[in-house]
Amino acid sequence: MTQIELGPGDLLDRRGRLTEPGWARYEARRYSRKAIAASPFRIKEWDYYCVLAGDYGLAAVVADNGYMGFLSATWFDFRKPSAVTESVMTALPLGRMRMPQSADAGDIVQDHPKLKLAFRHTAQGRQLTLDCPGFMNGKGLSGTLDLAQPPMDRMMIATPWAGAPKAFYYNQKINCMPASGAIALGDETYAFTPDKAFGVLDWGRGVWTYRNTWYWGSASGLVEGVPFGFNIGYGFGDTSAASENMVFHGGVAHKLDQVTFHLPEGTYDGAPWRFSSNDGRLEMTFEPILDRADASDLKIIRSITHQVFGRFSGTAVLDDGRKVTFRDLLGFAEKVENAW
């Protein structure tokens with residue numbers, strides 16, 4: 001499949017349609033909420049961070065989904081294993097959450113009595129702070145993590161939907177950000193150190209069709225002392241111009257074509273998964289640890305999520321033909337069915 005690499009320019013034209021679908025290694029396209037032609041009830045904007053540190057991890061999201069605002073924090077303990085989430089939903093934000101129009105500028109500060117979240121830019125990268133006093137029946141979850149962001153490539157993709165000219169998905173994934181800091185859960189403090197803690201940012205803006213099923217996988221870490229990670233996925237929109245599949249090695253992106261998730265029958269967190277690419281450049285297995293499953297069915301709004309955390313092992317072939325072998329790289333893979 002042809003992979004269209006984009007240069008700089010506006011994401012949407014004067015009619016609110018994608019100027020061109022494709023991918024890039026940086027924030028090539030300028031997003032403007034004002035340029036969107038669809039109803040503000042259909043606009044979806046979010047920043048999602050996931051920081052994993054071996055035996056434990058943290059995820060946090062701020063989202064303005066038009067008719068619903070959403071704040072969430074999740075604590076992962078991969079030794080038990082367990083995942084505990086505290087979420088807050090608000091009605092009809094319709095852009096009032098002021099989500100940044102760039103992944104590289106603009107801070108997010110949400111101050112709710114149940115959950116305070118702040119995603120800020122710093123000279124070295126990004127800083128995440130949270131305070132959730134009622135977390136885990138009053139234990140409380142709080143702390144600050146700094147994510148270093150040295151000069152490095154990312155995954156950027158602009159995706160249309162066939163037959164829906166006002167629909168689009170603009171997404172950036174920034175992998176391999178070393179994390180430092182500490183998170184307090186009750187009386188226990190968990191350290192995040194840059195030798196084994198790495199974060200990923202999922203930055204999404206768009207308008208899409210009512211019913212979709214997507215697959216997404218991500219991991220970041222060190223392989224022989226070199227930052228290594230990947231972003232893989234499919235199923236969301238018309239990806240004939242570009243896929244979101246990419247391997248990162250030493251800060252450099254290596255573009256892949258198509259990657260297939262081979263899920264085991266009847267289970268998500270039991271038998272190993274397998275992944276393969278049609279160009280033979282990514283072959284790996286995945287040993288599940290924890291399925292963060294969620295099923296919500298409100299008839300009009302429906303979401304079935306299986307975000308499975310575990311360890312990836314396999315090989316990746318870089319653009320110059322070098323082969324990178326990795327074992328037990330902590331990350332996640334998910335299948336999500338949405339109608340919203």
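Position 1 is the first residue of the sequence, and the numbers go up from there. Computed over heavy atoms, backbone and side chain alike; hydrogens, waters and symmetry mates excluded.
Considering every non-hydrogen atom in both S243 and D257, the closest pair reads OG-O, 2.6 Å. Heavy atoms only, all atoms of each residue included: V88 and L115 are closest at CG2-CB, 4.1 Å. When all heavy atoms of H121 and A103 are compared, the closest pair comes out as CE1-O, 3.2 Å. Across every non-hydrogen atom of S142 and D131, the tightest pair is CB-OD1, 3.7 Å. Scanning all heavy atoms of the two residues, the minimum distance from F168 to R205 falls at CE1-O, 3.8 Å. The two residues P288 and V308 come nearest to each other via the heavy atoms CB-CG1, 3.7 Å.
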Problem - Trace of the salt bridge (charged side-chain N to carboxylate O under 4.0 Å, His left out) decision for D319 with R281 - result: CA-CA 9 Å; D319 290 343; R281 292 180 57 188; 2.7 Å; yes
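The existence of a salt bridge linking R29 and E20 is confirmed by a sub-4.0 Å separation between a basic side-chain nitrogen and an acidic carboxylate oxygen. The pair K335-D291 fails the salt-bridge criterion, with no side-chain N (NZ, NE, NH1 or NH2) lying under 4.0 Å from an Asp/Glu carboxylate O. Salt bridge annotation for R126-D47: absent, with no cationic side-chain nitrogen under 4.0 angstrom from a carboxylate oxygen.
Remark: the backbone N or O of S313 is not paired with any side-chain donor or acceptor of D328 at under 3.5 angstrom. Here the side chain of Y234 pairs a donor or acceptor atom with the backbone of F261 at under 3.5 angstrom. With hydrogens and angles disregarded, no donor-acceptor distance shorter than 3.5 Å links the side chain of D10 to the backbone of L12. At distances below 3.5 Å, not a single donor-acceptor pair connects side-chain atoms of D238 with backbone N or O atoms of P160. Proximity of a side-chain donor or acceptor of N245 to a complementary backbone N or O of L256 within less than 3.5 Å is not detected. For the pair N231 (side chain) and E244 (backbone), a donor-acceptor distance under 3.5 Å is present. No donor-acceptor distance shorter than 3.5 angstrom exists from the side chain of E27 to the backbone of M156, with no hydrogens or angles considered.
Contact check for F192 versus I183: side-chain heavy atoms found under the 4.5 Å cut-off. Counting only heavy atoms from C-beta outward, the side chains of K255 and W23 approach each other to under 4.5 Å. Put simply, the side chain of W75 does not reach to within 4.5 Å of the side chain of C132, judged on heavy atoms.
For an aromatic pair to be called close, the ring centres must be under 6.0 Å apart, and W161 with F236 satisfies this. Checked against a 6.0 Å centroid threshold, the rings of F78 and Y56 do not count as neighbours.
Counting non-hydrogen atoms of other residues, nucleotides and ligands closer than 6.0 Å to CZ of R98 gives a total of 12 or fewer.
Only one option out of M155, K173, M152, H254 pairs with F248 in a side-chain contact (heavy atoms from CB on, under 4.5 Å); it is M155.
Taking the six-membered ring for Trp and thresholds of 30 and 60 degrees, F286 and F275 have ring planes more than 60 degrees apart, a perpendicular arrangement.
No side-chain donor-acceptor contact under 3.5 Å links N65 and W46.
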